[in-house]
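One-based numbering, in listed order, for ligands and for the atoms of each. Since the structure is predicted, the reported quantities are computational estimates derived from the model, not experimental observations.
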Amino acid sequence: MLKVVAEHPGAFYQHYPRVAAIVTVNSSGRKNAMAVAWHSSVSFKPPLYGISIAPKRYTYQLISESKQFGVNFVPYERAETIAAVGGSNGGVINKFSEFNIAEDKPVKTEVPILKDAYTAYECKVIENKVYGDHAWIIGEIVAVHMAENVFQENGMLDLSLIRPALYIGGETYCSTDKSTVKFLDREKYGKK
Ligand SMILES: Cc1cc2nc3c(=O)[nH]c(=O)nc-3n(C[C@H](O)[C@H](O)[C@H](O)COP(=O)(O)O)c2cc1C
């Protein structure tokens, strides 16, 4: 593959698409939601999840106060909700009423769980460290919400039922195509 090389990456989107999620928070009744593309599982045991949030965000202030956050995964058909909460400031408007975002009840925290999410994690913050212009916030997953019948027995999402919302940068979203799914046994391929 022929490549060009940039020594100053600027805003680097080259590794996208990424699953776009919605982080939710509730600090003493002040609820908010924002879009995140920068998030990752960190550990199975204990179950840890990390989110990267710029300290200037209103959401960051609320997470710092409440030490809790939710990570909600809505399908591609709800990408407009991601764009809405990712394009507005919760310090100025109530995003839940403004964008008609319906909630389910959390079980172990106070964070809003989105009714439209096919899965959501409730997390309690264990670490918050600033790197450059973002903070990497790690939370222990204390509850997992899952839509019924959309996950297979092995825990994998059934892509014929749910299309994840992927963000490719530049305000552009896409999704997966079930026809691309292939099974590659790592044991078998690792021997070659
Ligand atoms: C698709 C998408 C992904 C985003 N990912 C992140 C992210 O990972 N971290 C971050 O700090 N901001 C991210 N943003 C920006 C915030 O969602 C945005 O600034 C939001 O308005 C913050 O809300 P708040 O001011 O109510 O906290 C993203 C925005 C979009 C649209």
L166-V181 co-clustered via ILVMFWY side chain contacts under 4.5 Å:
yes

Taking the side chain as everything from C-beta on, heavy atoms only, tell me whether Q61 gets closer than 4.5 Å to T59. no

Query raised in the report: Among the clusters formed by ILVMFWY side chains lying less than 4.5 Å apart, do M34 and W38 turn up in the same one?
Result: no

Look at ligand 1 and say whether V85 reaches it with a heavy atom at a distance under 4.0 Å.
yes

| Steps toward side-chain contact (heavy atoms from CB on, under 4.5 Å) verdict (V71, Y49) | CA-CA 9 Å; V71 189; Y49 208 83; 4.0 Å; yes

CH2 (W136) and NZ (K129) are apart, to the nearest 0.5 Å, by 13.5 Å

*Which is it for L114 and F96 under the side-chain contact (heavy atoms from CB on, under 4.5 Å) test, yes or no, and what are the steps along the way?*
CA-CA 10 Å; L114 303 196; F96 290 90; 3.9 Å; yes

Near N32 (heavy-atom distance under 4.0 Å), the atoms of ligand 1 are 24 (P), 26 (O), 27 (O)

Worksheet entry | Lys/Arg N to Asp/Glu carboxylate O, K31 vs E110, below 4.0 Å | no

**Request:** Return the orientation label for the F73 and Y118 ring planes: parallel under 30°, perpendicular over 60°, tilted otherwise.
**Result:** tilted

Item checked: ligand 1 contact by A83, heavy-atom criterion under 4.0 angstrom -> no

So for H39 against ligand 1, with non-hydrogen atoms under 4.0 Å, the contacting part is neither

Taking only non-hydrogen atoms of I53 and a 4.0 Å limit, the atoms of ligand 1 in range are 11 (O)

Looking only at protein heavy atoms, what sits closest to atom 21 (O) of ligand 1 is S88 O, 2.7 Å

### Task
Spell out, yes or no, whether V85 and I113 are grouped together once hydrophobic residues are joined by side-chain heavy atoms under 4.5 Å, including indirect joins.
no

re atom 23 (O) of ligand 1, the protein heavy-atom contact at minimum distance is K95 NZ, 3.1 Å

_Would you say that more than 12 heavy atoms from the other residues, nucleotides or ligands in this model lie under 6.0 Å from the NZ of K56, or not?_
no

One finds that the ligand 1 atoms under 4.0 Å from a non-hydrogen atom of N89 are 25 (O), 26 (O)

| task | Using distance alone, decide if ligand 1 has a nitrogen or oxygen within less than 3.5 Å of any nitrogen or oxygen in A33. | result | no

| request: State plainly whether the residues E77 and R163 are in salt-bridge range, i.e. N to O under 4.0 Å. | output: yes

Atoms of ligand 1 under 4.0 Å from any heavy atom of T59, numbered from 1 in the order shown, are 24 (P), 26 (O), 27 (O)

Closest to atom 22 (C) of ligand 1 among protein heavy atoms sits R57 CD, 3.5 Å

The atoms of ligand 1 lying under 4.0 Å from a heavy atom of A54, numbered in the order shown, are 11 (O)

Query - Close approach, Y173 and ligand 1, non-hydrogen under 4.0 angstrom - result: yes

For Y167, the ligand 1 atoms with a heavy-atom partner under 4.0 Å come out as 1 (C)

A student checking ligand 1 against H134 at a 4.0 Å heavy-atom cut-off should list atoms 9 (N), 10 (C), 11 (O)

For atom 9 (N) of ligand 1, the closest protein heavy atom turns out to be S52 O, 2.8 Å

Query - Stepwise side chain to side chain donor-acceptor pair (under 3.5 Å) check, N128 with Y60 - result: CA-CA 10 Å; N128 175 350; Y60 180 82; 3.2 Å; yes

For atom 18 (C) of ligand 1, the closest protein heavy atom turns out to be G86 O, 3.3 Å

Taking distance alone, with no angle check, do A37 and ligand 1 share an N/O pair under 3.5 Å?
yes

Counting only nitrogen or oxygen atoms and a 3.5 angstrom limit, does Y58 reach ligand 1?
yes

Original post:
Strictly under 4.0 Å, does any heavy atom of Q61 approach an atom of ligand 1?
Top reply: no

Is the NZ or CZ atom of K191 both under 6.0 Å from the centre of the six-membered ring of Y189 and within 45° of that ring's axis?
-> no

To atom 28 (C) of ligand 1, the nearest of A165, G90, G169, A35 on a heavy-atom basis is A35

